[in-house]
Amino acid sequence: MGLATVAVYSDADRAALHVLHADEAYRLGPAPATESYLRGDLILEIARRAGADALHPGYGFLSENADFAEACAAAGVTFIGPPASAMRTMGSKTRARQAADAAGMPRVPGSVTGLVSVEDAIRVAGEIGYPVMLKAAAGGGGKGMRAVASPEELAAAYAAASSEAERSFGSGEVYLEKLIERPRHIEIQLMADEHGACLYLGERECSVQRRHQKVIEEAPSAVVSESLRQRMGEAAVRLALSAGYVNAGTMEFLVDAADNFYFLEMNTRLQVEHPVTELVTGLDLVHMQLRVAMGEPLELKQEDVRLRGHALECRIYAEDPENQFFPSPGLITRLVQPGGPGIREDCGVYEGWTVPLDYDPMLSKLVAFGETREQAIDRMLRALDEYAIGGIKTNLGLFRRILQDADFRAARIDTGYLERLLAAADQAEADSPQETEITEEIVAIAAAYFAASSRGAAAPANEEQQSKWAVAGRREGLRA
Ligand code: MV4
């Protein structure tokens, strides 16, 4: 588009990759986000100094902050995102549930206003039936959430959820939902313009997660039929239009074993996992966001949106899988990045960069595309083999385990899948601990083996292939 870019950075990010890429960069303040990336006033002061026409809020930080969107408008800077009013409607889960009802969108049974007392909670839970889930109206991402199996547990859970919500979000408002067992987490990507058009751009399967952090996302979902996609997509478009939504957004759903779908909440920003949607739709979502923000109408019609192939994203983090996925920031001493057919890497780091401990330690998003889910998985495994990150601990090894797991390959996944896989691995380790000491002798044997195997043919994946190549090689050798 030929647009110049202006980056902002905190002291911890002085040499971050986004700063090196931008045309200009300005310091915000010290590392803590409250003194830098959450300072809307400083950000808008820089926008004014730099002469920026528009601002992309990215993910996290102020990206879903309606007051900030309004402050941008007041400063004459176009906020690349939805109107503040739509952000406010969706920011309150109870208001979003009321909007869902008004738009005929299926949602999880339960209350659509905050609970006023324990007695109120007991009454509502009795109506919808146990087990139930208490949730924070201002929440999202699992904070202030409590599953409750019986009326006896409800009073304590209500007090705990409400005080956690108060501490985390400054509002103790909680509401009740029926608990959906072993759900899948599936979300619909939307893009709306200022002229009343709204498209659904297919779904993403986000069930592979740990502690409410997504680990692998894919598009399309292996279990969503064309008919389910259309029903979810059309319901999502109806709700978005009724909320006055504009720009990119995502509606999250729980889908149960019988393919019932229930609206959960809406994310009023572009999401980390948007590349998998880009690969299967062939669309550039950020480009569309910019054009929509310039007031242009969407050129596409819904029937022009076609899904092709399959895409997966692995979220690569600086964390230690051997130590409860504890963050592992530090100096990246070596970085070998994969490439080739069907591989896209959206990376935020470089060799020689020190991953700061101040923020979420996501390093990179490795994305694989294939004509089929199986090809996308195999390409991802090949890319993971090529990938090397030195100096820090990463979760790269975890993806190999998941992508080789029979349940994952058969798409038998729900939101509890990864936690079960990790628990099974921990159990196997406890049953037969692998604590072989790496002695000098073992190192010598490994070195000798490596030298011997790399002199001959490298061990190929399958023996039949090996013999064919070996035969061809011997024939060439004899000819020479
Ligand atoms: C639920 C649920 C089951 N029943 N609501 C977790 C985060 C928040 N956004 C919604 N979450 C859930 N809500 C009802 N009524 C199960 C979850 C849930 C979950 C949802 C999406 C992705 C991963 C999850 C992991 C555990 C629980």
Side-chain angles (χ1 to χ4, degrees), residues 59-60 64 90-97 100-101 105-112 114-115 121 124-125 127-150 153-154 157-158 160-161 164-165 168-169 173-188 203-219 221 223-224 232 236 249-269 271-273 276 313 315 325 402 408 412-423:
Y59 331 112
E64 298 191 271
M90 295 303 170
S92 156
K93 309 305 156 199
T94 43
R95 279 183 67 193
R97 284 164 66 76
D101 287 355
M105 161 71 87
R107 48 133 180 108
V108 187
S111 53
V112 295
L115 301 165
V124 175
E127 278 166 22
I128 58 178
Y130 291 85
V132 296
M133 195 91 128
L134 282 163
K135 293 187 178 185
K143 266 245 177 75
M145 209 172 83
R146 291 282 186 291
V148 183
S150 68
E153 295 170 31
L154 194 53
Y158 177 76
E164 189 175 318
S168 308
F169 313 111
E173 184 185 345
V174 293
Y175 65 101
L176 263 175
E177 283 185 1
K178 179 139 191 85
L179 182 92
I180 309 295
E181 317 242 15
R182 285 204 173 200
R184 286 181 176 248
H185 181 206
I186 292 176
E187 56 191 31
I188 298 279
E203 78 284 1
R204 292 184 287 262
E205 166 72 66
C206 302
S207 296
V208 179
Q209 56 82 44
R210 184 183 164 272
R211 306 212 171 157
H212 305 299
Q213 295 284 348
K214 292 168 183 169
V215 174
I216 295 182
E217 303 99 340
E218 50 185 305
S221 165
V223 298
V224 172
M232 291 176 77
T250 298
M251 286 192 194
E252 293 188 0
F253 295 87
L254 295 180
V255 179
D256 69 16
D259 275 2
N260 297 303
F261 65 91
Y262 305 94
F263 170 74
L264 260 191
E265 57 192 73
M266 183 174 195
N267 298 310
T268 58
R269 61 167 194 285
Q271 285 182 272
V272 168
E273 60 271 30
V276 293
E313 173 180 279
R315 293 195 186 195
F325 296 90
I402 298 170
F408 181 83
R412 285 188 295 263
I413 48 178
D414 60 68
T415 54
Y417 161 78
L418 183 53
E419 243 115 5
R420 290 195 298 275
L421 182 78
L422 294 171

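Both counts, for ligands and for their atoms, begin at 1 and track the order of listing.
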With heavy-atom distances below 4.0 Å as the criterion, list the atoms of ligand 1 near [X].
X: Leu254; value: 1 (C), 2 (C), 3 (C), 4 (N), 5 (N), 14 (C), 20 (C)
X: Glu265; value: 9 (N)
X: Val108; value: 15 (N)
X: Leu264; value: 10 (C)

Between [Y] and [X], is there a salt bridge with N-O shorter than 4.0 Å?
X: Arg97; Y: Glu265; answer: no
X: Arg315; Y: Glu217; answer: yes
X: Glu164; Y: Lys143; answer: no
X: Asp414; Y: Arg420; answer: yes

Would you say Phe253 and Pro183 make side-chain contact, with heavy atoms under 4.5 Å?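 Counting from C-beta outward, Phe253 and Pro183 never come under 4.5 Å.
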What protein heavy atom sits nearest [atom], and how far off is it?
atom: atom 11 (N) of ligand 1; result: Met145 SD, 3.7 Å
atom: atom 19 (C) of ligand 1; result: Thr415 CG2, 4.1 Å
atom: atom 25 (C) of ligand 1; result: Gln209 NE2, 3.3 Å
atom: atom 2 (C) of ligand 1; result: Met133 CE, 3.3 Å

By side-chain hydrogen bond (donor to acceptor under 3.5 Å, both in side chains) - contacts of Arg269 (at least two apart):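 Listed in chain order: Glu64.
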Shortest reach to atom 22 (C) of ligand 1 by a heavy atom, considering only His185, Arg184, Arg107: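 Considering heavy atoms of His185, Arg184, Arg107, the nearest to atom 22 (C) of ligand 1 sits in His185.
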From Lys178, Gln213, His212 - option closest to atom 18 (C) of ligand 1 by heavy atom: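 Residue with the shortest heavy-atom distance to the ligand atom: His212.
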Looking at Ser207 and His185, would you say the former's side chain and the latter's main chain have a donor-acceptor pair under 3.5 Å?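 Such a contact is found between Ser207 side chain and His185 backbone.
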Any heavy atom of Lys135 sitting closer than 4.0 Å to ligand 1?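 It does, in that a heavy atom of Lys135 comes within the 4.0 Å cut-off of ligand 1.
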Is there a donor-acceptor contact under 3.5 Å linking the side chains of Gln271 and Arg204?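 The answer is yes; a qualifying pair exists.
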Between Glu173 and Thr94, do the side chains contain a donor N or O and an acceptor N or O under 3.5 Å apart?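 Thr94 vs Glu173: donor-acceptor pair found between side chains.
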Is there a nitrogen or oxygen of Pro183 sitting under 3.5 Å from a nitrogen or oxygen of ligand 1?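 Min N/O separation from ligand 1 is not below 3.5 Å for Pro183.
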Ligand 1 contact on Ile180 by region, counting heavy-atom pairs under 4.0 Å: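 Both parts.
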